[in-house]
Amino acid sequence: MPHSRPVALVTGSTSGIGAAIARRLAADGFAVVLHSRSSTEDGRRFAAELGTATYVQADLARDDDRCRLIREAIAVWGRLDVLVNNAGISRVIPHADLARATPDVWQELHEVNVVAPFRLIAEAEPALRAAARRGRAGCVVNISSHAGVRAKGASIPYAATKAALNHVTRLLAVSLAPDIRVNAVAPGLVDTPMTADWTEAQQLWRDRAPMRRAARPEDIAQAVALLVTSDYLTGEILLSDGGLNLT
Ligand code: NAD
């Protein structure tokens, strides 16, 4: 018998934005599967703190680990209703420095930021379709970036992977409907350990963004929760940048 609560898997959820999403979905009544590449102890501790939660380690650069993650996530409670593809990597390279954007950088970012989310969705497809048969469409939320929408971002390879993820979102929204909704949140700057020393970007958001600050991880979690609860939304790329794109 599947668990009575809906189940959400949030990748990369022991820190930063992913942890805030996991916390929010748990508060909204989901059983949560936490995941990260290496912080196993943090993951187990966080799962115990959340209550109806568990933790699975997997390296999303490896296809066998991607398949195992989905298998183990479904096995815990016998169902999967929501998949949040939050795990991602970035490389900071000035856009004009073409030599530093090597083939290795392109391939590494592409595997983790584009191929991994697609493969996780592919492996989760039967379980997400089963959610629709229980009465509510399965739901995928991809965490992309404003860098995938505008000519901005930590590096050209990073921005290109996020643009690709946005397009994968739209393509899958069409091909998996109506059983599975597929949307993305595209954050601007978010206060996380990764961006703690990005002082120029922080100043930019304080000076130019209509909301006068970078996002908190909880702001992005709120946007994810909105997409999860909106039964009619699919194929949307929800820009969450405090309005910076307007200036
Ligand atoms: P973070 O570094 O705190 O979290 C990234 C997570 O991804 C970690 O849990 C890590 O374990 C996981 N991860 C990375 N490589 C992995 C791999 N090979 N296998 C498995 N897991 C892997 O970063 P964050 O700032 O919280 O970023 C979360 C998402 O938000 C990313 O997709 C990032 O691109 C996106 N984003 C962040 C910002 C920002 O300003 N922080 C802005 C726009 C988009």
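Each ligand, and each atom within it, is numbered from 1 in the order the structure gives. One is the number of the first residue; the rest follow in order along the sequence.
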Tell me the protein heavy atom at minimum distance from atom 37 (C) of ligand 1, and give that distance in Å. Ile17 CD1, 3.6 Å

Is it true that Ser15 lies under 4.0 Å from ligand 1, counting heavy atoms only? yes

Would Asp42 and Arg45 pass as an ion pair if we require N to O under 4.0 Å? yes

Between Arg129 and Asp179, is a salt bridge (charged side-chain N to carboxylate O under 4.0 Å, His left out) present by the stated rule, with each step listed? CA-CA 5 Å; Arg129 284 195 192 277; Asp179 283 358; 3.2 Å; yes

For the CD atom on Glu200, are there more than 12 heavy atoms of other groups (residues, nucleotides or ligands in this structure) within a distance under 6.0 Å? no

Mind checking whether Lys162 contacts ligand 1 via backbone (N, CA, C, O), side chain (CB onward), both or neither, at a 4.0 Å heavy-atom cut-off? side chain

Could you check if a side-chain atom of Arg24 sits within less than 4.5 angstrom of a side-chain atom of Gln222, using non-hydrogen atoms only? yes

Atoms in ligand 1 flagged as close to Ala61, the criterion being non-hydrogen separation under 4.0 Å: 18 (N)

Any chance the side chains of Asn86 and Thr11 put a donor and an acceptor closer than 3.5 Å? no

From the candidates Ala87, Ala20, Gly12, the one that places a heavy atom nearest atom 13 (N) of ligand 1: Ala87

Please identify which atoms of ligand 1 are closer than 4.0 Å to at least one heavy atom of Gly88. 5 (C), 7 (O), 14 (C), 31 (C), 32 (O)

Polar contact flag for Gly18 and ligand 1 (N/O pairs, less than 3.5 Å): no

For atom 19 (N) of ligand 1, grab the closest protein heavy atom and report residue, atom and distance to one decimal in Å. Leu60 N, 2.7 Å

Contact check, Glu111 vs ligand 1, heavy-atom distance below 4.0 Å: no

So, do Leu60 and Leu69 sit near enough that their side-chain heavy atoms are less than 4.5 Å apart? yes

Would you say Ser90 contacts ligand 1, with heavy atoms under 4.0 Å as the rule? no

If the contact criterion is a heavy-atom separation under 4.0 Å, does Tyr158 count as touching ligand 1? yes

Any nitrogen or oxygen of Val190, side chain or backbone, less than 3.5 Å from one on ligand 1? yes

Under a 4.0 Å N-O cut-off, is there an ion pair linking Glu111 with Arg66? yes

Test of understanding: given a 4.0 Å heavy-atom threshold, classify the contact between Ile89 and ligand 1 as side chain, backbone, both, or neither. side chain

Is there a donor-acceptor contact under 3.5 Å linking the side chains of Arg208 and Thr247? yes

So the atoms of ligand 1 within less than 4.0 Å of a heavy atom of Asp59 turn out to be 17 (C), 18 (N), 19 (N)

Does ligand 1 have any atom that is closer than 4.0 Å to a heavy atom of Ser144? yes

Is there a nitrogen or oxygen of Ser38 sitting under 3.5 Å from a nitrogen or oxygen of ligand 1? no

Nearest to atom 21 (N) of ligand 1, what protein heavy atom do you find, and at what distance? His35 CE1, 3.4 Å

Quick check: are there more than 12 heavy atoms from other residues, nucleotides or ligands sitting under 6.0 Å from NE2 of His167? no

Please tell me whether Tyr55 and Ser13 have a donor and an acceptor in their side chains that are separated by less than 3.5 angstrom. no

Check the side chains of Asn113 and Thr161 for a donor-acceptor pair under 3.5 angstrom, ignoring hydrogens and angles. yes

Does any N or O atom in Ser145 lie less than 3.5 angstrom from one in ligand 1, N or O only? no

Tell me whether Gly188 reaches ligand 1 (any heavy atom closer than 4.0 angstrom to a ligand atom). yes

Between the main-chain N or O of Val7 and the side-chain N or O of Asp81, is there a donor-acceptor pair closer than 3.5 Å? yes

Count I, L, V, M, F, W, Y as connected when their side-chain heavy atoms are under 4.5 Å apart, and connections chain through other members. Are Val82 and Val10 then in the same cluster? yes

Within reach of ligand 1, part of Thr11 (heavy-atom separation under 4.0 Å): neither

Taking 4.0 angstrom as the limit, do Arg68 and Asp59 come out as a salt bridge? no

For atom 11 (O) of ligand 1, what is the nearest protein heavy atom, given as residue, atom name and distance? Arg37 N, 3.4 Å

Which bit of Ala58 gets closer than 4.0 Å to ligand 1, counting heavy atoms only: side chain, backbone, both or neither? backbone

Among protein heavy atoms, which sits nearest to atom 23 (O) of ligand 1, and what does the distance come to when rounded to 0.1 Å? Met194 SD, 4.0 Å

Do Arg170 and Glu236 meet the salt-bridge criterion of a basic N to acidic O distance under 4.0 Å? no

Out of Val10, Thr195, Thr192, Val84, the nearest non-hydrogen contact to atom 25 (O) of ligand 1 is supplied by Thr192

Looking only at protein heavy atoms, what sits closest to atom 32 (O) of ligand 1 is Asn86 O, 2.8 Å

